[in-house]
Amino acid sequence: MGCKAKDKDSLHDGDLHHAATHFEGGRVPFWCWSHPNGSMLIRMSPLRLDTPHLDQEIRMLKIIQASHPYEKNPLTLDLNATCPSIKDIQSSFQKIRELCVPETLKEFWNSDPRWLSSVEATKWLQYVRACLSTAAYVATTIAHEQKSVVLKEFTGRDFSCIISSLVQLMLDPYARTQMGFQSLVQREWVIAGHPFLTRCGHICPSDGQESPVFLLFLDCVFQLMEQFPDVFEFTDTYLITLWDSTHIGVFGTFIFNNEKQRVQTCMRGEDGKTIKLPTVWAWTLQYKMEDLALFNNPLYVAKHDVSDNFISSNTIGFEDSTQLGCNPGVYRNSMHLSEQTAAMFEDYAKMKRTFSLQPGRKKRAGNSGASRQVFEVPETQLELIVPRISGPYIKLWMRSYLRWIPSIHIVGGGLPTQYQQQCKVVDEIQQLRDQVDQLQSNSPSRVEKRRSRFFFSCDNERDGMHGADVVSSAFPFTTSDLAFIGGDRRSFIGTPLALFLRGQSLLDADTSALEGLDD
């Protein structure tokens with residue numbers, strides 16, 4: 001942060017250690033993201049009430065100002081004044097849950113005449129608007145006014161996570177890819193210390209500290225996806241699956257309050273061995289590869305040229321700490337991982353290899369000059385997206401909150417049916433493009449069997465077997481959609497998670513033993 005600052009304003013490690021004692025939780029200002037215009041996004045906690053050194057915060061802000069190329073005074077935004085409280089979020093969520101998951105179906109239908117007013121009365125959408133409005137203000141300040149912004153929150157681990165993540169989604173196209181989004185969550189939530197254990201109530205009621213802050217963030221992302229449907233590589237199926245995964249205790253990503261707790265717990269294994277908890281980002285531990293195609297957004301694929309904008313599909317570079325999932329502190333000093341464990345962290349590359357339409361690009365890396373394939377971030381210009389906040393533009397996330405009431409699902413209707421048709425149209429365009437490229441090339445006439453990137457393809461056998469109208473408005477989260485995802489939960493039986501429920505370790509699971517269960 002002080003690389004462009006003057007010597008008199010520079011900071012050393014010792015200065016930061018000394019300053020940390022004066023900030024709440026020891027959380028001094030830390031850098032999150034930089035815009036090409038030189039403006040930065042910073043997070044910090046306020047000074048402790050009992051500290052006599054009130055000049056520490058002023059000094060930090062001067063360092064941030066000196067780090068700006070035009071030395072502009074940064075904007076300091078107090079999130080405690082602009083965002084709701086933790087208790088407000090929990091109270092609102094309980095009302096939404098009572099409204100969307102009633103004890104009886106009769107109770108639900110009785111609320112139908114006053115449904116819209118009941119939803120507004122929960123204040124959930126009001127809090128979604130507040131977060132999006134604050135993030136949009138910060139994003140425009142960074143992009144248009146070219147000012148650095150400092151997000152100040154008492155704990156620095158709740159709403160600063162939401163606002164910082166939303167700002168980057170609004171400004172940075174890479175954050176809207178699946179890999180970029182996973183990196184964003186890992187960095188701004190997991191590593192930055194959001195208290196998942198307390199907020200999600202994994203162990204026991206937490207004395208009024210339980211609150212679905214992460215769900216509120218995912219809902220805000222869904223609102224962005226609704227208004228900008230072609231700028232996100234992933235779908236809301238991915239978001240819903242991610243939220244459901246926060247409540248699966250076998251993954252270590254979302255079951256700790258901070259990095260220190262995560263490292264200490266993983267170091268307490270028997271006989272001095274570390275506990276290896278699988279990362280939630282290893283999606284093939286939960287789902288078969290063909291089902292993971294439901295994460296892919298066809299409108300994004302249609303808008304972007306695959307060869308230029310998708311990450312290399314052949315291998316993965318272990319330089320990306322997000323692939324180390326829930327154990328970055330344990331593995332940080334490791335030079336090598338076992339082949340079996342390393343394979344688990346290659347899920348993203350495996351998905352790209354399975355569903356890619358064209359080969360990714362290679363680049364040379366390393367001091368030795370040897371050629372190897374690593375992630376190549378797409379070279380795209382920053383594109384600011386600013387959502388509309390007024391009433392009709394912010395909607396209830398129906399597919400997430402109402403998926404538990406099968407009687408209200410529309411068979412052959414809703415957004416999933418639109419998604420099905422979009423997949424088919426884009427897939428057919430890609431198929432025609434491939435055929436044209438094949439005809440224009442001098443390659444042999446023999447063409448390898450093409451594999452679609454989408455769950456629904458233009459020549460999908462699923463439609464011929466089950467009919468095009470089987471998909472419901474809550475697809476793929478209801479029993480009426482089982483025919484599409486393997487019938488009697490075969491897609492789940494064919495995963496390592498099924499072996500875990502039988503008593504076998506997730507990390508040691510031999511997936512080849514499961515192949516016969518799918519027949």
Side-chain angles (χ1 to χ4, degrees), residues 176-178 222 225-241 283 287-311 313 350-360 397-400 403 409-440 447-487 490-491 518:
R176 303 171 207 149
T177 66
Q178 185 179 332
F222 165 75
M225 295 172 66
E226 279 288 283
Q227 297 189 32
F228 305 94
D230 60 351
V231 302
F232 288 88
E233 184 189 10
F234 48 88
T235 63
D236 74 321
T237 298
Y238 172 80
L239 298 180
I240 296 173
T241 305
W283 292 111
Y287 307 101
K288 298 185 72 172
M289 191 62 65
E290 52 265 32
D291 294 330
L292 293 179
L294 288 167
F295 292 171
N296 299 328
N297 179 10
L299 298 182
Y300 181 92
V301 175
K303 181 180 179 180
H304 296 75
D305 180 12
V306 177
S307 63
D308 291 334
N309 289 281
F310 277 95
I311 293 174
S313 61
K350 189 188 301 180
M351 290 172 61
K352 293 303 178 188
R353 180 167 60 250
T354 301
F355 300 117
S356 63
L357 301 175
Q358 299 180 19
W397 194 359
M398 306 280 283
R399 198 156 73 103
S400 178
R403 52 186 161 137
H409 300 159
I410 306 171
V411 178
L415 293 178
T417 301
Q418 296 180 25
Y419 173 77
Q420 182 185 32
Q421 298 305 318
Q422 290 167 358
C423 286
K424 291 181 179 180
V425 171
V426 175
D427 185 65
E428 186 172 8
I429 293 173
Q430 296 289 349
Q431 185 180 51
L432 293 173
R433 180 184 296 176
D434 292 345
Q435 292 175 355
V436 170
D437 291 342
Q438 182 68 26
L439 291 173
Q440 293 177 344
V447 180
E448 294 184 2
K449 184 177 179 181
R450 174 180 175 273
R451 185 162 188 173
S452 173
R453 179 178 173 82
F454 307 111
F455 187 82
F456 300 104
S457 63
C458 58
D459 53 357
N460 205 322
E461 295 180 356
R462 294 185 178 93
D463 294 339
M465 295 172 57
H466 306 288
D469 294 333
V470 177
V471 175
S472 75
S473 56
F475 176 84
F477 301 103
T478 62
T479 54
S480 60
D481 299 310
L482 283 177
F484 273 103
I485 56 175
R490 289 167 60 232
S491 62
D518 294 331

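For clarity, every value in this text was computed on a predicted model and none was experimentally measured.
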Next on the checklist: For Tyr419 and Phe456, take the angle between the two ring planes, folded into 0 to 90°, and tell me which bin it lands in: parallel under 30, tilted 30 to 60, perpendicular over 60.
Outcome noted: perpendicular
Next on the checklist: Working to the nearest 0.5 angstrom, can you tell me the gap between Leu432 CG and Asp437 CG?
Outcome noted: 11.0 Å
Item to check | Closest non-hydrogen atom pair between Arg176 and Val231, with its separation | outcome: CB-O, 3.2 Å
Checklist entry - Between CG of Leu239 and CZ of Phe232, what distance do you get to the nearest 0.5 Å? => result 8.5 Å
Checklist entry - Has the side chain of Asn297 got a donor or acceptor atom that lies under 3.5 Å from a matching backbone atom of Pro229? => result yes
Item to check | Minimal non-hydrogen separation, Asp291 against Phe455, with atom names | outcome: OD1-CE1, 3.5 Å
Checklist entry - Taking only residues two or more places apart in sequence or in another chain, which ones pass ring pair (Phe, Tyr, Trp, His ring centres under 6.0 Å) with Phe228? => result none
Next on the checklist: For Arg399, give me all partners under side chain to side chain donor-acceptor pair (under 3.5 Å), at least two apart in sequence or on another chain.
Outcome noted: Asp236, Thr237
Checklist outcome for this item: Leu415 meets the side-chain contact (heavy atoms from CB on, under 4.5 Å) criterion, sequence neighbours left out, with Glu226, Gln418
Next on the checklist: Quick check: do Tyr287 and Leu294 have side-chain heavy atoms less than 4.5 Å from each other?
Outcome noted: no
Checklist entry - Any idea how Phe295 and Tyr238 line up, ring-wise: parallel (<30°), tilted (30 to 60°), or perpendicular (>60°)? => result perpendicular
Checklist entry - If you look at every heavy atom in Val471 and Thr417, which pair is closest and at what distance? => result O-OG1, 4.1 Å
Next on the checklist: Is there a side-chain contact between Tyr300 and Thr177 in this structure, where contact means two heavy atoms from C-beta onward sitting under 4.5 Å apart?
Outcome noted: yes
Checklist entry - Could you state the interatomic distance from OG (Ser472) to CZ (Phe477), rounded to the nearest 0.5 Å? => result 10.5 Å
Next on the checklist: On a heavy-atom basis, which atom in Glu233 and which in Arg453 lie closest, and how many Å separate them?
Outcome noted: OE2-NH2, 3.1 Å
Checklist entry - Roughly how far, to the nearest 0.5 Å, is CD of Gln421 from SG of Cys458? => result 12.0 Å
Next on the checklist: Tell me the closest heavy-atom pair linking Ser452 and Asp427, and the distance in Å.
Outcome noted: OG-OD1, 2.7 Å
Checklist entry - Between the side chain of Ser473 and the main-chain N/O of Gly414, is any donor-acceptor distance below 3.5 Å? => result no
Next on the checklist: Checking Met225 against Phe234 for the side-chain contact (heavy atoms from CB on, under 4.5 Å) test, could you report, in this order, the C-alpha distance in whole Å, the side-chain angles of both residues, the deciding distance, and whether it holds?
Outcome noted: CA-CA 9 Å; Met225 295 172 66; Phe234 48 88; 4.1 Å; yes
